[in-house]
Amino acid sequence: MTEIPYRYEPTTTAAAIRADHPDLEPGTETGTVVTIAGRLMLRRVQGKLAFGTLDDASGDHETGRIQLFGLARSTPDFEGFCDLNLGDWIGVTGEVMTTKRGELSVRVDEWQTLAKAQRSFPDKFHGISDADMRYRQRYVDLWVTEESRTAFRMRSTVMSLTRRFLEDRRFMEVETPVFHPIPGGALARPFTTHHNALDMAMFLRIAPELYLKRLVAGGFERVFEIARVFRNEGVSTRHNPEFTMLELYQAYGDYSDMMSITEDLVAHLAMEIHGTTTLTYGDRELDLSAPWRRATMLELIAEHTGLELSLETPIDELRGHCETHGVEVKPSYGPGKLLLELYEKTCEAELWGPIFVTDYPKEVSPLSRDHREQPGMTERFEGIVAGRELCNAFSELIDPAEQRLRFEDQVRQGDAGDDEAMVVDEDYLRAMEYGMPPMGGLGIGMDRLVMLLADVSTIRDVVLFPTLRPEQQ
RNA sequence: GCACCUCUAGCUCAAUUGGCAGAGCAACGGACUCUUAAUCCGCAGGUUCUGGGUUCAAGUCCCAGGGGGUGUACCA
């Protein structure tokens, strides 16, 4: 039985050794003694010599690995070293040197098993191809699949850069409840749970919006939250039941300020991560540089279908156009909802973008403020990139009387069978009644943003543990 | 939810028309003093996702179920 130490103290990493020792001649002995730790990914035993490849967390499959060089005459328990299995974790102390063939290596002068792999690692060359296994056993995937490590490192970088970007603009990060007594802030079906001591139903949040706006009413003029939200919907390459949304609210701003922040943030992330705002997504090029195109929903419908429509268009005519374009409608839909459906089915997927689609009907925007020029419309926009909604933002509705009317309209839609309609949130109205300043609000789907930056086509490649059915016994 | 595809050794994959389930890697035993997915010799490894059916004979065909993938719907 190998004794496993309780702690181990590496003095450096594979990447650092590489960086510190570029271009050594074959057969060099540097005199530098290091201690490193990681996982044995490859092994080549040749009689009285043994070569291993150790991976650690310091880089990718090129930079984050280093060769180990063991010799029968100097490596303690050489037999044991040769018997190590792929997947074992080990610590090694020895001199940094190059082999006769010039490969930078650490000579194994001392070594220590840190973990035995009791299960055999996947094929060292082919890795894992079974998607199911990659998601269920992410702990294996991360070691074996280079792209997977890269994507999740990038995700972490995106979150970190986003925080810094917003803090630099005087936004304050806050945390609001995940358990909501009333689900609100978005149109979606919630997950329900129950609090035993309080004996009450609770809902996992579908959006942090209403709490964040309460904070602005409370005097925190610029707030943001990177919020895990939960929606009880189907799963797909673009949807995971729990996902991460950035929401921010800025007092005294409006939706045009939100467009600027969105453009600047996305371009900033692209520059920091890729050094350019021109990315490849799938097999197409994507230019994220500001400014993004802006067009109203009605303009886009006209562009894609040739139909000049408006909220004044007779409703039967709108229904007819929906039918022509294969859009399913319910009798309860008003003109606003019909226009939105028409836009989504005929335009959205065609927009490679990036583009801000502006001016959404009041009927489908219960939390946005009336458009200052277009009656029946609100000052709302969605950012569409690569045919997908990336963000949603508006000049926030701040008038409690108007908000009450919007809520009541939602209740009517709910009574008419829309199980995603909102309900009246009296406390939110009370907060408004104390006075809520004009503000702009923005929500960005962070998972989808990372997908764009990492050039992956399924959300499961940017969510560490995506929702799956439990494995059968 | 619906449609299509898929499931074979720990991993990656073969298996002709329905005719004895195989290989590489890993593991295990051995050889090898400069390897780079090391190489060589040897050994072992299976409820072919599950359950039914057709057949002399099923990994293969049929039915039902399960997991996964893709598309579609739902999802601002």
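Per chain, numbering begins at 1; letters A, B, ... match sequence-line order.
Contact check of residues 86-99 of chain A against RNA chain B (heavy atom, cut-off under 4.0 Å) returns Leu86(A), Thr99(A). Applying a 4.0 Å cut-off to non-hydrogen atoms, none of the residues of residues 21-40 of chain A approaches RNA chain B. Contacts between residues 318-327 of chain A and RNA chain B, defined by a heavy-atom separation under 4.0 Å, are absent.
The nearest heavy atom of RNA chain B to Ser457(A) and to Ala188(A) marks one nucleotide each, and the one closer to the 5' end goes with Ser457(A). Both Asp130(A) and Asp123(A) lie close to RNA chain B; mapped to their nearest nucleotides by heavy-atom distance, the more 5′-ward contact belongs to Asp130(A).
Taking the C1' atoms as reference points, U48(B) lies 30 Å from C41(B), given to the whole Å. G68(B) and C49(B) have their C1' atoms separated by 11 Å, given to the nearest Å. C28(B) and G10(B) have their P atoms separated by 15 Å, with the value rounded to a whole Å. When the P atom is compared between G65(B) and A26(B), the two are found 42 Å apart, to the nearest whole Å. Distance check on atom P: A3(B) versus A44(B) gives 47 Å, rounded to whole Å. Look at the C1' atom in both U12(B) and A64(B): the space between them is 31 Å, to the nearest Å. Nucleotides C34(B) and G29(B), compared at atom C1', are 25 Å apart to the nearest Å. When the P atom is used for both G42(B) and C5(B), the distance is 43 Å, rounded to whole Å.
Side-chain nitrogen and oxygen atoms of Lys124(A) include at least one within less than 4.0 Å of the OP1 or OP2 phosphate oxygen of A26(B). Taking 4.0 angstrom as the limit, Asn85(A) places a side-chain polar atom (N or O) nearer than this to OP1 or OP2 of C28(B). Remark: Arg460(A) is in phosphate contact with U70(B), judged by side-chain N or O atoms under 4.0 Å from OP1 or OP2. Side-chain nitrogen and oxygen atoms of Arg43(A) include at least one within less than 4.0 Å of the OP1 or OP2 phosphate oxygen of A27(B).
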So Ile444(A) and Leu442(A), side chain to side chain contact (heavy atoms under 4.5 Å, CB included) or not? Walk me through it. CA-CA 7 Å; Ile444(A) 297 181; Leu442(A) 166 66; 4.0 Å; yes

Please lay out, stage by stage, how Thr93(A) and Thr35(A) fare under the test side-chain hydrogen bond (donor to acceptor under 3.5 Å, both in side chains). CA-CA 4 Å; Thr93(A) 299; Thr35(A) 298; 2.8 Å; yes

Dump the intermediate steps for side-chain hydrogen bond (donor to acceptor under 3.5 Å, both in side chains) on Asp60(A) and Thr63(A), then the final yes or no. CA-CA 5 Å; Asp60(A) 60 24; Thr63(A) 61; 3.1 Å; yes

As a quick check of understanding, evaluate ring-ring contact (aromatic ring centres under 6.0 Å, His included) for Tyr255(A) and Phe394(A), giving each step before the final call. CA-CA 5 Å; Tyr255(A) 77 152; Phe394(A) 23 93; 9.5 Å; no

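In the set G67(B), C34(B), G71(B), the nucleotide with an atom closest to the side chain of Phe69(A) is C34(B). Residue Gln67(A) has its side chain nearest to U36(B) when only C74(B), A38(B), U36(B) are considered. Checking U12(B), U72(B), C25(B) against every side-chain atom of Arg238(A), the shortest atom distance belongs to U72(B). Among the nucleotides C28(B), A37(B), G68(B), the one closest to any side-chain atom of Arg136(A) is G68(B). The nucleotide whose nearest atom lies closest to any side-chain atom of Ser129(A) is, among U36(B), C13(B), G71(B), C13(B).
Here Tyr343(A) lies out of heavy-atom contact (under 4.0 Å) with every strand. Nucleic acid contact for Arg469(A): sugar-phosphate only, since backbone atoms but no base atoms lie under 4.0 Å from a heavy atom of the residue. Thr237(A) comes within 4.0 angstrom of the backbone, heavy atoms only, and of no base. Residue Glu344(A) is classed as a sugar-phosphate contact, given heavy-atom separations below 4.0 Å to backbone atoms only.
Computed from coordinates, the Asp461(A) CG to G69(B) C1' distance equals 12 Å when rounded to whole Å. Atom P of nucleotide C75(B) and atom CG of Asp419(A) are separated by 8 Å, given to the nearest angstrom. Rounded to a whole Å, the CG atom of Asp418(A) is 12 Å from the C1' atom of C74(B). Protein atom CZ of Phe51(A) is 9 Å distant from nucleotide atom C1' of U36(B), rounded to whole Å. When rounded to the nearest whole Å, the span between CG of Leu42(A) and P of C25(B) equals 14 Å. Rounded to whole Å, the distance from CG on Leu84(A) to P on A26(B) is 15 Å. Rounding to whole angstrom units, CD of residue Glu328(A) and C1' of C75(B) are separated by 14 Å.
The salt bridge (charged side-chain N to carboxylate O under 4.0 Å, His left out) contacts involving residues 440-459 of chain A comprise Arg155(A)-Asp447(A), where partners must be two or more places apart or lie in separate chains.
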Per-residue pairing states of RNA chain B in dot-bracket (Watson-Crick or G-U under 3.5 Å; . unpaired, | other strand) read (((((((..((((.....[..))))..((((.......))))......(((((..]....))))))))))))....

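Salt-bridge check for Asp55(A) with Arg39(A): failed, with every basic side-chain N at 4.0 Å or more from each acidic carboxylate O. In this structure, Glu95(A) pairs ionically with Arg107(A), as a charged nitrogen and a carboxylate oxygen lie closer than 4.0 Å. Ion pairing of Lys362(A) with Glu402(A) is present here, as a side-chain N (NZ or NE/NH1/NH2) and a carboxylate O approach within less than 4.0 Å. In this structure, Asp415(A) does not pair ionically with Arg412(A), as no charged nitrogen and carboxylate oxygen lie closer than 4.0 Å. Under a 4.0 Å N-O distance rule, the pair Glu263(A)/Arg294(A) qualifies as a salt bridge. Ion pairing between a basic and an acidic side chain is recognised when a charged N comes within 4.0 Å of a carboxylate O; Glu341(A) and Lys337(A) show such pairing. A salt bridge is defined here as a Lys NZ or Arg NE, NH1 or NH2 lying under 4.0 Å from an Asp or Glu carboxylate O, and Lys213(A) with Glu396(A) meets this definition. A salt bridge does not link Asp130(A) with Arg136(A): none of the charged nitrogens is closer than 4.0 Å to a carboxylate oxygen.
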Between protein and nucleic acid, restricted to nucleotides 29-33 of chain B and to nitrogen or oxygen atoms under 3.5 Å apart, what atom pairs and distances do you find?
unit_1 : atom_1 : unit_2   : atom_2 : d
C32(B) : N3     : Gly47(A) : N      : 3.0
U33(B) : OP2    : Lys48(A) : N      : 3.2

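Summarising the geometry, atom CE belonging to Met439(A) is positioned 13.5 Å from atom CG belonging to Asp257(A); distances are rounded to the nearest 0.5 Å.
A tilted orientation is assigned to the rings of Trp352(A) and Tyr281(A), their planes being inclined by 30° to 60°.
Heavy atoms only, all atoms of each residue included: Ala186(A) and Arg231(A) are closest at CB-NH2, 3.4 Å.
Counted within 6.0 Å of CG on Asp23(A), heavy atoms from surrounding residues, nucleotides or ligands total 12 or fewer; the atom is thus considered open.
At a cut-off of 3.5 Å, with distance as the only test, a side-chain donor of Gln413(A) or Asp409(A) sits close to an acceptor on the other residue.
Aromatic pair Phe51(A)/Phe69(A): centroids less than 6.0 angstrom apart.
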